[in-house]
Amino acid sequence: MASVQDTLRDRLQAALGAAFGDEFAAIDPVLGVTTNPKFGDYQANVALPLAKRVGLPPREVAAKVVAALCIDDICEVPEIAGPGFINLTLKPAFLEAQLRAIAADPRLGIPTVLHPQRVVVDYPSPNIAKEMHVGHLRPAVIGECLARVLEFLGHDVLRVSHVGDWGTPFGMLIAHLRSEYPTALDADSDLSLGELSTFYREAKQRFDADEAFQDAARLAVVQLQAGDAETLKAWKIVCDLSKRSYRLIYDLMGVSPEICDRGESFYNSMLSAVVSALDAAGLLVENQGAQCVFLEGYTNKAGEPLPMIVQKSDGGYNYATTDLAAIRYRIQEDKADRLVYTTDVGQSNHFAQVFQVVRRAGWVPETVELVHAPFGLVLGEDGKRIKTRSGDTVPLKDLLEEAIARTRTDFQQRLQTEERSESEDFIEDAARTIGIGAVKYADLSQNRTSNYIFSYDKMLALQGNTAPYMLYAYVRVQGISRKGNIDFDQIASDLPISLEDEAERVLLKHILQMADVITQVSEDLMPNRLCQYLFELSQKFNQFYDRCSVLDAPEPQRTTRLLLCHTTARTLKLGLSLLGISVLERM
RNA sequence: GCGCCCGUAGCUCAGUGGAUAGAGCAACCGCCUUCUAAGCGGUUGGUCGAUGGUUCGAUCCCAUCCGGGCGCGCCA
């Protein structure tokens, strides 16, 4: 079923065509939810920009649109207000029919897209042999959310992680392990990633200080690239160990198991072809021994044209080359229609440059969209880049476990003051769901592009725009079902319903906006809009809950309210699941 | 020097070419014999960094400036 807003838009366009001619049937009616409930439910502002074009005062334009508008099955008689706003108010009978329809629809009335796209979403790209850290929080949380939203709308999503698994760092690591910890490279060693990352740091230090070791490391790289069996085996052990430990963290966070690992090594064999293709496209220029593409619109500090180096003077390739190869592969082999890169805002220049080069090379068909969805930094409470007390980067695992631990402590305290007794399993499950949900929600509810301050106290706060607040709204509905012994799925669909309280209508009208919000998130890739929507939904539900008793209400209010409760809970659950957050039945 | 991002209530932040710029927190005042009060209602709080411009209309678009952050050739 089409969303209310889409239906209204269609009707308005038909009216525009009827009133002013067919060429006006495709213009944007500038339709939106009203800025104030006293103006009705939706407002169309099309008359104002149209006035000049058709040579009539805005209010007369609005009058002509309204005269041609057929919506009496949906809305009350439209009102023309102010300078020429067309205000629309949904009819109670229409609202009741909508409630029935979405209550009966597994998708809550949210349609899938007409033209599904193949979308590649970029996931965090940790470096093999290093632990995941705070820097991987946002790409994991935001990437997962975007992937889920797109998938729910019917797009074909491919999640790809561009892990750092190739090049000099691995030569270093393997050379170091060979000489110092040869047993680590046995297939059955029980090396942990923590130990591995220590070796990595040692290897880096040694590389910077010891020339003989540099040679050993370079030899290992050459052996790796040449496909030497022993070296490859060592490399594979390191990769497998790293990926297993990333999976543990992803599982804790509820990140999809569908991630396709395509590290830098994956593109290794394609890099020379990328460079020749750039040459064939006439973009390649040799400069100081390096193969470059000179960028349009970028200069270096001296004001000279800035090159993107795609092959170093020593013949090696760098990250730009790999990114170019990845884009080419995603378009040519994956047949992607849209490439979404979720990385920190500091890489904006890099992506703008890479996108420019692939476009100039002619690798990007008109129909393919390349989009960098940048995010801001996670800051500590001091407003600076988040660090441990000793100044190191914070491991992601520690950050998540701290959130769970704090939630557990708060929760136990609360149980004590309320003199409740709950099982260990219940407490553990609640602490994990709330703690992880709080971290993810705090991240997603912020405007993606701005930095945010990571504060356990704020994200775990029981009131305000937080995960606990929303989970509580969901729990309240489940409380009603328990108390009243209601099986929501068994509510007969033919019982009479009637919306009588303003709080009921306000709640339902908000629920009916879910489809538009999800569509918007799929377009502008801003999850905070969905968070805002869910927060307002929770608020409106709590107002309804406060004003309208459900179980004690006479019919038909009781059935109406039960349907509203169930539909609210399903909307919350769906919305939270699109954010990658799970719900609780009790808390 | 060039490029990008940001500047909105005491604090943290939404918002956006349209009607009176919103929320949360903090502060204060109310509401539990009633579906979990992790809730609800109310009060207080703004030259939307500055100045010009475009527009019927600008917090939003453009220009300049001020303040803060980030990036800028063989690392990723």
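In what follows, chains carry the letters A, B, and so on, assigned in the order in which the sequence lines appear, proteins first and then strands, with residues in each chain numbered from 1.
Residue pairs meeting the side chain to side chain donor-acceptor pair (under 3.5 Å) criterion with at least one partner in residues 49-65 of chain A, sequence neighbours excluded, are absent. Applying the ring pair (Phe, Tyr, Trp, His ring centres under 6.0 Å) rule to pairs touching residues 287-317 of chain A yields nothing, sequence neighbours excluded. Listed by first and then second residue, the ring pair (Phe, Tyr, Trp, His ring centres under 6.0 Å) pairs that reach into residues 543-572 of chain A are A:F488-A:H566, A:F541-A:F544, A:F541-A:Y545, sequence neighbours excluded.
Taking atom CD of A:Q353 as the reference point, atom C1' of B:G3 lies 9 Å away to the nearest angstrom. Rounded to whole Å, atom P of B:C4 lies 8 Å from atom OH of A:Y298. Rounded to whole Å, the distance from CG on A:D524 to P on B:A14 is 14 Å. A:D344 places its CG atom 15 Å from the P atom of B:C6, with the value rounded to the nearest Å. Rounded to an integer number of Å, the gap from CG of A:L377 to C1' of B:G69 is 9 Å. Whole-Å rounding puts the A:I453 CD1 to B:C6 P distance at 17 Å. We find that CZ of A:R476 is positioned 14 Å from P of B:U34, with the value rounded to whole Å. Between the OH atom of A:Y545 and the C1' atom of B:C35 there is a distance of 4 Å, rounded to whole Å.
Side chains of A:D344 and A:Q347: a donor-acceptor N/O pair is present below 3.5 angstrom, by distance only. Of the N and O atoms on the side chains of A:D165 and A:S265, at least one donor lies less than 3.5 Å from an acceptor on the other residue. Using a 3.5 Å distance cut-off with no hydrogens or angles, the side chains of A:N542 and A:Y472 do not pair a donor with an acceptor. No side-chain N or O of A:H162 forms a donor-acceptor pair with one of A:E264 less than 3.5 Å apart.
The residue A:F375 sits apart from the nucleic acid: no heavy atom pair falls under 4.0 Å. Residue-level contact check: A:V475 touches the bases, meaning some heavy atom is under 4.0 Å from a base atom. Among the atoms of the strands shown, base atoms are found under 4.0 Å from some heavy atom of A:N349. Residue contacts for A:V550: at a heavy-atom cut-off of 4.0 Å it reaches a base atom on one of the strands shown. Here A:C548 lies in heavy-atom contact (under 4.0 Å) with a base. Residue A:D410 is classed as having no contact, given no heavy-atom separation below 4.0 Å to the nucleic acid. Within 4.0 Å of A:M587, counting heavy atoms only, lies at least one base atom of the nucleic acid. Using a 4.0 Å heavy-atom distance criterion, A:R529 is classed as a sugar-phosphate-only contact. Residue contacts shown for A:G346 are limited to sugar-phosphate atoms, with no base heavy atom under 4.0 Å away. Base contact: A:A81 has a heavy atom under 4.0 Å from a base atom.
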Check nucleotides 73-76 of chain B against the protein and report each pair of N or O atoms closer than 3.5 Å, with its distance, or say if there are none.
unit_1 : atom_1 : unit_2 : atom_2 : d
B:G73  : N7     : A:N300 : ND2    : 3.3
B:G73  : O6     : A:N300 : ND2    : 3.0
B:G73  : O6     : A:E304 : OE1    : 3.4
B:G73  : N2     : A:N287 : OD1    : 2.2
B:C74  : O2     : A:S313 : N      : 3.0
B:C74  : N4     : A:Q288 : O      : 3.1
B:C74  : N4     : A:Q288 : OE1    : 3.4
B:C75  : OP2    : A:K312 : NZ     : 3.2
B:A76  : OP2    : A:Y319 : N      : 3.1
B:A76  : O3'    : A:E264 : OE2    : 2.4
B:A76  : N6     : A:Y319 : OH     : 2.3

Tabulate protein N/O versus nucleotide N/O from nucleotides 53-62 of chain B, keeping only pairs under 3.5 Å, one per line.
unit_1 : atom_1 : unit_2 : atom_2 : d
B:C56  : OP1    : A:K52  : NZ     : 2.1

Check nucleotides 22-33 of chain B against the protein and report each pair of N or O atoms closer than 3.5 Å, with its distance, or say if there are none.
none

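The shortest distance between the side-chain N/O atoms of A:R385 and the OP1/OP2 oxygens of B:C70 is not below 4.0 Å. The shortest distance between the side-chain N/O atoms of A:S450 and the OP1/OP2 oxygens of B:A14 is below 4.0 Å. Here A:Y469 reaches the OP1 or OP2 of B:C40: one of its side-chain N or O atoms lies under 4.0 Å away.
A residue-by-residue look at A:K483 and A:N36 shows that A:N36 has its nearest nucleotide of RNA chain B further toward the 5' end. Remark on RNA chain B: of its neighbouring residues A:Q43 and A:R586, the 5'-side contact belongs to A:Q43, judged by nearest-heavy-atom nucleotide.
When each of B:C35, B:G41, B:A19 is scored by its nearest atom to the side-chain atoms of A:I480, the top-ranked nucleotide is B:C35. For A:I434, taking side-chain heavy atoms from C-beta onward, the closest of the listed nucleotides B:A14, B:C35, B:A38 is B:A38.
Between the side chain of A:Q557 and the backbone N or O of A:E500, no donor-acceptor pair lies under 3.5 Å. Judged by distance alone, with hydrogens and angles left aside, the side-chain atoms of A:T559 form no donor-acceptor pair with the main-chain N or O of A:P556 at under 3.5 Å.
For A:N542 against B:A37, a side-chain-to-base donor-acceptor contact under 3.5 Å is absent. A:R414 contributes a side-chain N or O that forms a donor-acceptor pair with the base of B:A38 under 3.5 Å.
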Legend entry - Secondary structure of RNA chain B in dot-bracket form (Watson-Crick or G-U wobble, distances below 3.5 Å, | marking inter-strand pairs): (((((((..((((....[...)))).(((((.......))))).....(((((..]....))))))))))))....

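Heavy-atom neighbours of A:Q416 CD from other residues, nucleotides or ligands within 6.0 Å: at or below the threshold of 12. Annotation: A:R482, atom CZ; neighbour count of heavy atoms from other residues, nucleotides and ligands within 6.0 Å is above 12. By the 6.0 Å contact criterion, CD on A:Q5 is enclosed, its count of non-hydrogen atoms from other residues, nucleotides or ligands being greater than 12.
Pairing each heavy atom of A:T342 with each of A:P139, the nearest pair is O-CB, 3.8 Å. For A:C292 against A:I309, the heavy-atom pair with the smallest separation is SG-CG1, 3.9 Å.
When the P atom is used for both B:A23 and B:A9, the distance is 14 Å, rounded to whole Å.
Taking A:E502 as the reference, A:R505 meet the side chain to side chain donor-acceptor pair (under 3.5 Å) condition, with sequence neighbours excluded. Considering only residues two or more places apart in sequence or on other chains, A:T321 meets the side chain to side chain donor-acceptor pair (under 3.5 Å) condition with A:N318. Under the side chain to side chain donor-acceptor pair (under 3.5 Å) criterion, A:T35 pairs with no residue, sequence neighbours left out.
Base orientation at B:C32 is syn, since its O4'-C1' glycosidic dihedral falls within 90° of 0.
Judged by centroid separation below 5.5 Å and plane tilt below 30°, A:F39 stacks onto the base of B:A19.
Between A:E422 and A:R420 there is a salt bridge, with a side-chain nitrogen of the basic residue lying less than 4.0 Å from a carboxylate oxygen of the acidic one.
The stretch residues 437-447 of chain A touches RNA chain B through A:Q446, A:N447, each having a heavy atom under 4.0 angstrom from the strand.
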Name the atoms and distances for all side-chain donor-acceptor pairs under 3.5 Å in residues 524-531 of chain A, with sequence neighbours left out.
unit_1 : atom_1 : unit_2 : atom_2 : d
A:D524 : OD1    : A:M526 : N      : 3.0
A:D524 : OD2    : A:R529 : NE     : 2.7

